[in-house]
Amino acid sequence: MDQRLLQLIRRMQLLHHQMRARGMPLVGRLNVCRCRLYPPDAQTNVTRSILSRVGRGLHQQPAHPLGIMAGFIREYFGARYAYHDAISPIVSPAANFESLCFPADHPGRSRSDSYYLNRDWMLRTHTSAHQAELIRGGNDRFLLTADVYRRDEIDRTHYPVFHQVEGVCLFPQHAVEAPSTPATAASPANACDTNPRQPCYRREDSMAVEEHLKASLEGMVRHLFARAASHSVDGAAHTSSEVQMRWVDAYFPFTSPSYELEVWYNEQWMEILGCGVINHSILERAGRPDAIGWAFGIGLERLAMALFRIPDIRLFWSEDARFLGQFSPAKVTHFRPFSPYPSCTKDISFWLPPATTAPFHPNDLFELVRDMAGDLVEDVKLVDQFVHPKTGRESHCYRIMYRSMDRNVTNEEINDIQARVREHAPKRLQVELR
Ligand code: PHE
């Protein structure tokens, strides 16, 4: 094990201590005092680059697309649902798998699919890892937003760290609430042989939970699309009532029956969440044998990519102000691409024309720069301005940022453009270069 990896693991422990000090819940029975370090062993496969993502808290940032999405979901479910968003990603395999009835030979458990700190600790592969613990802690209705970790393929929509919101809602058996509005999306023939209801429940109780689940999640998706439509520039494109959804049968070891919800988006069905009626054995072991309820898990990245029109999943991790500066809390705005190539900055200073001649307008300078630079100019800003105490003349300094959208620009090329801007400025703008 290399030293820097060890250092990172230590840093993560520190993070645990800090989270605890700030009163954040540490679910998963992580005893930081006892377990001073996560000693690596033959199971260890976390990497430095993965560990460096731990604690970034993208979903906790109110002006980050992932934080905005989480905020909309929280807003939809309202105050009846307890909200958790700071639970440590380090869990035991027992929490991530066994507590959820995963069989011992499930492929998700393998080192090729999951990240292990060692044989006893891993990075959660889904937010469901905290279901049992939170239910045991007395949470009847809750949402949990968190970062999750999976070894996976590499492309524009897959990244080894992503974010999910888990939702759970329990009722006393025989007293399942009816939803305020019924579910309407097309459903498969319910609870067939391959997707059965649990025999320990009364049929009408299970059916009522399925109905509450479907109505709640359809409502959530409508809410998300409505929020996106009300703020986006071309908001009229799809209003909430136009979201087309359908339910498909699914399988999860911890729910039955299980479903996925798909949304018609960009001319195809997009799967956005998994859900189902929680296995009674989970509730029993969590001290709630009296209860029946549903759970869902929704991935935030795919939906945020669609609603904010973000073309590459890696952008969520960008610390570039040109990315982060595009978003504001509780608003869906369409991402405007920016160039990955380096910029080149040049200043130009001049005395404004005397008041007797035509007044100077910055737009004339901007137009001159566009004429000379074409699309190589990204930004022109006034950075300094003063009035000479004796002559009364006013001086402006503008900073011109040059950058190409599709290639590296050379210094000579930019010097050349800047020279032509300087050459034409006196005549076209009636200014005197300094
Ligand atoms: N945890 C599942 C996943 O990550 C989603 C899920 C959550 C399914 C809750 C059912 C109930 O794919």
Side-chain angles (χ1 to χ4, degrees), residues 27-28 59 66 69-70 73 77 81 84 87 89 91 93-103 106-110 113-115 122-135 139-153 157-171 187-188 191 194-198 206 209-210 212-214 216-218 220-221 247-263 270-283 286 291-303:
V27 184
H59 61 284
L66 298 174
M69 293 296 294
I73 294 174
F77 282 100
Y81 288 72
H84 304 271
I87 300 181
V91 300
N96 199 78
F97 298 119
E98 277 120 72
S99 80
L100 293 158
C101 319
F102 276 77
H106 192 279
R109 305 176 74 120
S110 73
D113 281 28
S114 300
Y115 288 106
M122 64 182 301
L123 297 175
R124 67 184 153 225
T125 63
H126 54 175
T127 43
S128 304
H130 303 291
Q131 245 186 48
E133 199 68 34
L134 285 169
I135 293 171
N139 287 279
D140 262 17
R141 293 188 182 207
F142 63 85
L143 297 170
L144 156 61
T145 309
D147 39 333
V148 301
Y149 299 76
R150 284 184 206 174
R151 302 185 72 188
D152 211 337
E153 54 199 286
T157 60
H158 287 87
Y159 198 80
V161 191
F162 57 102
H163 296 77
Q164 290 183 326
V165 179
E166 186 92 0
V168 164
C169 177
L170 303 184
F171 304 95
S187 277
T194 53
N195 195 16
R197 299 203 166 95
Q198 298 170 54
S206 181
V209 170
E210 291 155 34
H212 192 274
L213 166 65
K214 287 178 175 175
S216 302
L217 296 182
E218 286 177 21
M220 174 183 78
V221 170
W247 291 99
V248 296
D249 279 319
Y251 172 79
F252 303 103
F254 41 97
T255 49
S256 196
S258 306
Y259 306 100
E260 280 168 358
L261 181 56
E262 297 185 343
V263 172
M270 172 170 83
E271 179 238 307
I272 58 162
L273 62 82
C275 64
V277 178
I278 301 172
N279 278 5
H280 187 241
S281 65
I282 296 174
L283 300 180
I292 183 170
W294 53 250
F296 75 88
I298 184 169
L300 291 182
E301 271 81 353
R302 197 183 302 176
L303 211 52

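The figures that follow rest on heavy atoms only: side chains count, while hydrogens, waters and symmetry mates do not. Counting starts at 1 for both ligands and their atoms, following the listed order.
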- With under 30° as parallel and over 60° as perpendicular, where do the rings of F77 and W294 fit, or are they tilted in between? tilted
- State the atoms of ligand 1, each with its element, that fall below the 4.0 Å cut-off from a heavy-atom position in E166. 7 (C), 9 (C)
- Non-hydrogen atom of F254 closer than 4.0 Å to ligand 1: yes
- C101 and I282: side-chain contact (heavy atoms from CB on, under 4.5 Å), yes or no, with the steps? CA-CA 8 Å; C101 319; I282 296 174; 3.9 Å; yes
- Close-contact set for ligand 1 against G297 heavy atoms, below 4.0 Å: 6 (C), 7 (C), 9 (C)
- Note on the structure: So CD of E166 and CG of L134: to nearest 0.5 Å the spacing works out to 9.0 Å
- For ligand 1, is there an N or O atom under 3.5 Å from any N or O atom of R150? yes
- Query: Just by distance, do the side chain of N279 and the backbone of P253 share a donor-acceptor pair under 3.5 Å?
  - Reply: yes
- Query: Stepwise, does the side-chain contact (heavy atoms from CB on, under 4.5 Å) test hold for F142 with H130?
  - Reply: CA-CA 11 Å; F142 63 85; H130 303 291; over 6 Å; no
- So the atoms of ligand 1 within less than 4.0 Å of a heavy atom of C275 turn out to be 8 (C), 10 (C), 11 (C)
- Query: For T255, is at least one N or O under 3.5 Å away from an N or O on ligand 1?
  - Reply: no
- Query: Among A295, S256, S128, whose heavy atom sits nearest atom 11 (C) of ligand 1?
  - Reply: A295
- Task: Taking the side chain as every heavy atom from C-beta outward, state whether E210 and R197 have any pair of such atoms under 4.5 Å apart.
- Result: yes
- Query: Looking at ligand 1, does any of its N/O atoms fall within less than 3.5 Å of an N/O of Q131?
  - Reply: no
- Roughly how far, to the nearest 0.5 Å, is CZ of R302 from CE of M270? 7.0 Å
- Shortest reach to atom 12 (O) of ligand 1 by a heavy atom, considering only Y251, F162, F252: F252
